[in-house]
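First the structure, in the form of structure tokens, and then the observations on it.
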Amino acid sequence: MNQKTSGNPWLFVPALFFLEGIPYFIVSTISVTMFKKLGVANDQIGLWTSLITWPWIVKMLWGPLVESTSTKRKWILGTQIAAIVTMALVSLTITSENFLYPTLVVLTVLAFLSATHDIAADGFYLLALAPEDQAYFVGIRSTAYRLANVFCNGGLVYLAGVFENTPGVAVAEAWRNIILIGAGVYLLFVVLGYSAMPKPRQDKDRVESFPFREEIGRAHV
């Protein structure tokens, strides 16, 4: 009997991995086009956009923290909510006069949140689905991630061009608008996906197993 799968995997799996893709493509590819349109030099774009993607490369460094504290379900929701707030901040910084460095900082935060979300989402996938279901849905999760790519690099970039060609709309305002649209779609999928997410028994609050908890307790005795 399958005791791992509950909820609606046909809804939460596509939503979860669509959400995994949106921040990644905003940081790694949309930002390149955005900075180019905002007049940033090519050498600076190449340097900074390569640096802000580092959280995905080194995410294994804080993977044990995600594994050993709280539940993956809580990590997922927490990073998703924080990502929405961060995308809203990006929409504010890019319309400021000295936009480059504040925007880079906020995008780095978004990259960190997204990388942490990846850790929790991948682990949750293994806990929420039985092995046979994991194999079945692997193509669906990959498709959902690719659709996030199409949405960002196709839909959002296209809309940015439409806004740029709208009379009275500045370039920075056009990109602010598409970041806000991206955040709005992200929020919609957060609601849809979270409502369908299961609560697997294996996804326990691991605060009691955090490696330093015992030592901290002894220090206060």
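By convention here, the first residue in the shown sequence is residue 1.
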- Message: Is the distance between the ring centroids of F18 and F189 under 6.0 Å?
- Response: yes
- Task: Take F112 and T79 through the side chain to side chain contact (heavy atoms under 4.5 Å, CB included) test and state the conclusion after the steps.
- Result: CA-CA 9 Å; F112 175 79; T79 52; over 6 Å; no
- Scan residues 158-173 for pairs that pass side-chain hydrogen bond (donor to acceptor under 3.5 Å, both in side chains), counting only residues two or more places apart or in two chains. E164-W175
- Item | Test: K72 and E67 ion pair at under 4.0 Å | yes
- Does the separation of the ring centres of Y125 and F17 fall below 6.0 angstrom? yes
- Nearest 0.5 Å, what's the CD1-SG distance between I26 and C152? 5.0 Å
- Message: Can you see whether W62 engages T116 through a side-chain donor-acceptor pair at a distance of less than 3.5 angstrom?
- Response: yes
- Message: With rounding to the nearest 0.5 angstrom, report the CG to CG distance, L192 to L16.
- Response: 12.5 Å
- Query: Crowded around K37 NZ? As in, over 12 foreign heavy atoms under 6.0 Å?
  - Reply: no
- Item | Nearest heavy-atom neighbours spanning L126 and Q134 | O-NE2, 3.0 Å
- Message: Run the ring-ring contact (aromatic ring centres under 6.0 Å, His included) test on F137 and W10 for me, step by step, so that the C-alpha distance in whole Å, both residues' side-chain angles and the decisive distance to 0.1 Å come before the verdict.
- Response: CA-CA 9 Å; F137 279 96; W10 285 100; 5.0 Å; yes
- Task: Flag the pair W48 / F35 as yes when their ring centroid distance falls below 6.0 Å, and as no otherwise.
- Result: no
- Does one side chain, of Q80 or H117, offer a donor that lies under 3.5 Å from an acceptor on the other? yes
- Message: With rounding to the nearest 0.5 angstrom, report the CG to CG distance, L156 to L180.
- Response: 11.0 Å
